[in-house]
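Just so it is clear: chains get the letters A, B, ... in the order the sequence lines come, proteins before strands, and each one is counted from 1.
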2 protein chains.
Amino acid sequence: MAARAGVSRATVSRVVNGSATVTPEIRAAVLRAVDQLGYVPNSAARSLVTRRTGSIGLVVSEPPSRVFSDDPFFAVVARAVSQELEGADKQVVLLPASSPAGHARVERYVAGGHVDGVILLSMHGSDPLPAALARTDVPVVSHGRPITTVPLPYCDCDNVAGARSAVRHLLDRGRRRIAAIGGPPDMSAALDRMTGYREVLSGTDRRSLVAMGDFTRESGAAAMRQLLEDDPGLDAVFAANDLMAIGALHALRQAGRRVPDDVAVVGFDDIEAARYTDPPLTTVRQPVAEVARAVVRRLLGSEEERTAEPLILPTELIVRDSA
Amino acid sequence: MAARAGVSRATVSRVVNGSATVTPEIRAAVLRAVDQLGYVPNSAARSLVTRRTGSIGLVVSEPPSRVFSDDPFFAVVARAVSQELEGADKQVVLLPASSPAGHARVERYVAGGHVDGVILLSMHGSDPLPAALARTDVPVVSHGRPITTVPLPYCDCDNVAGARSAVRHLLDRGRRRIAAIGGPPDMSAALDRMTGYREVLSGTDRRSLVAMGDFTRESGAAAMRQLLEDDPGLDAVFAANDLMAIGALHALRQAGRRVPDDVAVVGFDDIEAARYTDPPLTTVRQPVAEVARAVVRRLLGSEEERTAEPLILPTELIVRDSA
DNA sequence: CTGAAAGCGCTTACAG
DNA sequence: CTGAAAGCGCTTACAG
């Protein structure tokens, strides 16, 4: 390659890496040779000396059922991250970490210098990975507030405020018995949304009534049946995510309750499917892609940017027909 | 590291890589040192000499709207691939290739030796990437039959037979005017499903009636409205995927048609959402994850395995209430 | 079974 | 502005 262009390897390297200090003629000659030979620098050799890999790890620590099923969350994040990374010419490598074995693999992988940074996705409270990763000198940013003892940079949406707006809306519509379907209690998003629900109700004379789900449709349907049994008189339900709200809609229909006439339903996320339920779902829109992009920017930014205050993006209540 | 264990670097390498020719005592000493020092081999240095990277590229050549929206297809594939790769201790790196710029990046990335193999996802007929990649000496296997001039190893499900079973079912239920909603005409899955539809109808005295969509819910709803306008007397519709079937259900409801009483609907894919529509959707189940796993096995297998006859997995008709 | 040495393909001070 | 040389951290024939 260097021979073909009649220059040294060093000069080829400089041209390929866009160094300014190269004579135009030489640069042209090198570029021509690169083109003719289809030369592409070997990435491993380059990484070895630059100590950078051009890859960012996306750690998905979630039981397959949720992240990889019908919830568009993972896909939306993966896409936004890839896209935002394009400008920096970096790729995302998927790091599944749902099992202890997966955790060990991810740790080894990161420690082995395979990635320039790590994005944590939907971590659970019990997860030992954040702490382990924080000990590495690889930058880590979490998508969503992690429940950890170690402080960790993160971006998130305002789950508490979002839930508040949903419950207030129900109150404004004159609903009196507002139940809730909660998510996994070891995830901050689920926790925060329940906090918002309780906060609003505690300001009134209404009692709270909660059934737990795990963010899946099926669990939403089961929780709804439970709720109906516990309090047949309920006239509204706030589900901590849309998938569970869809399950609730299903259970309500089977129980012969009309929505929103008998029972009003509000979800959280505003996934695409929310527009196609019957009736269309009133829900809290969460800017998943924007949070993901913010995470990437922090990850790529300086140490100071990363350790700055967590970025919390606002949510928006989307009123459709279910409430 | 080598000093700590009192052995040479070569021996450390042998122990770490599990070479059999190491004395138990020495192996133990090295392992102890590895543990104490938290030693992890540098991946770039290793790749440089072994010429392997431990990464597989997942090329997603799809407009964001589809793959990354609500269609669980991408997530299911990503998960199955990651999982199947775990045994081989390889990771998947996401390679978005929806734009020409994306294509160029992917080509460069693969040519740069970043990956040991490439999986192509839902390629479109016009896509130049398969041919470009086939020229590399990196193994390539496609998930889904690619529409290319160059022969390319692939695995798929039997889309034609699946569509046939759907349309036959409609016929068996006594439906007389069976319309269809097709997918993107440059994708083999869409093409093959329409072929199945036409094959069955051509064996009868029924005429075919087709409206085109692009695999999204919205396009399914639009196509359904079109069909209703073209032939108000239709009593069944076969949609080339579930998302479009869901859109069709929506349009039908808005048009005041009852499902299945007035119009029967059958989809294709059997995504999770199909069980939660009103009424639950009759559809053709497609083994997406199994195809993905088969793709990985071929990719990891020998040259002969890869170039063997394409593996075509069967589909299954799932009868629910919509038809 | 183990070690000394070469070499993987780059980048980057260091001279000139 | 360009080249010779060192060096990144491993693995792997090759001796012994």
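The side-chain heavy atoms of B:Val92 and A:Leu94, taken from C-beta on, include a pair separated by under 4.5 Å. Residues B:Val15 and B:Asn17 are not in side-chain contact: their nearest non-hydrogen atoms beyond the backbone lie 4.5 Å or more apart.
Atom CG of A:Leu313 sits about 10.0 Å away from atom CD of A:Gln286, to the nearest 0.5 Å. Note that CG of A:Leu31 is 11.0 Å distant from CD of A:Gln36, once rounded to the nearest 0.5 Å.
Both B:Val49 and A:Val49 lie close to DNA chain D; mapped to their nearest nucleotides by heavy-atom distance, the more 5′-ward contact belongs to A:Val49.
Following rounding to the nearest Å, A:His114 (NE2) and D:dG9 (C1') show an atom-to-atom distance of 13 Å. Here the C1' atom of nucleotide D:dT12 and the CZ atom of B:Arg52 are 16 Å apart, to the nearest Å. The interatomic distance linking A:Arg51 (CZ) with C:dC10 (P) rounds to 17 Å, in whole Å. Note: CZ (B:Arg46) to C1' (D:dT12) measures 13 Å, nearest angstrom. What separates CZ of A:Arg27 from C1' of D:dC1 is a distance of 12 Å, to the nearest Å.
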Can you tabulate the close N/O pairs, meaning under 3.5 Å, that link protein atoms to atoms of nucleotides 2-6 of chain C?
residue : atom : partner : partner atom : Å
C:dT2   : OP1  : B:Thr23 : OG1          : 2.6
C:dT2   : OP2  : B:Thr23 : N            : 3.0
C:dG3   : OP2  : B:Ser8  : N            : 3.1
C:dG3   : OP2  : B:Ser8  : OG           : 3.1
C:dG3   : OP2  : B:Thr11 : OG1          : 2.6
C:dG3   : N7   : B:Arg14 : NH2          : 2.6
C:dG3   : O6   : B:Arg14 : NH1          : 3.4

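By the side chain to side chain contact (heavy atoms under 4.5 Å, CB included) test, A:Arg51 is found to be paired with B:Asn42, residues two or more places apart in sequence or in another chain being considered.
In terms of modelled atom types and a separation under 3.5 Å, the side chain of A:Glu305 and the main chain of A:Ser302 share a donor-acceptor contact.
For A:Asn42, no side-chain nitrogen or oxygen approaches OP1 or OP2 of C:dC8 to under 4.0 Å.
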As a check on the pairing definition, encode DNA chain D in dot-bracket form, counting Watson-Crick and G-U wobble pairs whose two distances are under 3.5 Å, and using | for partners outside this strand. |||.||||||||.|||

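Of the candidates B:Tyr154, B:Phe73, B:Phe74, B:Phe73 is the only one forming a ring-ring contact (aromatic ring centres under 6.0 Å, His included) with B:His143. Applying side chain to side chain contact (heavy atoms under 4.5 Å, CB included) to B:Lys90 and the options B:Leu85, B:Thr53, B:Leu299, B:Val115 leaves one that passes, B:Leu85.
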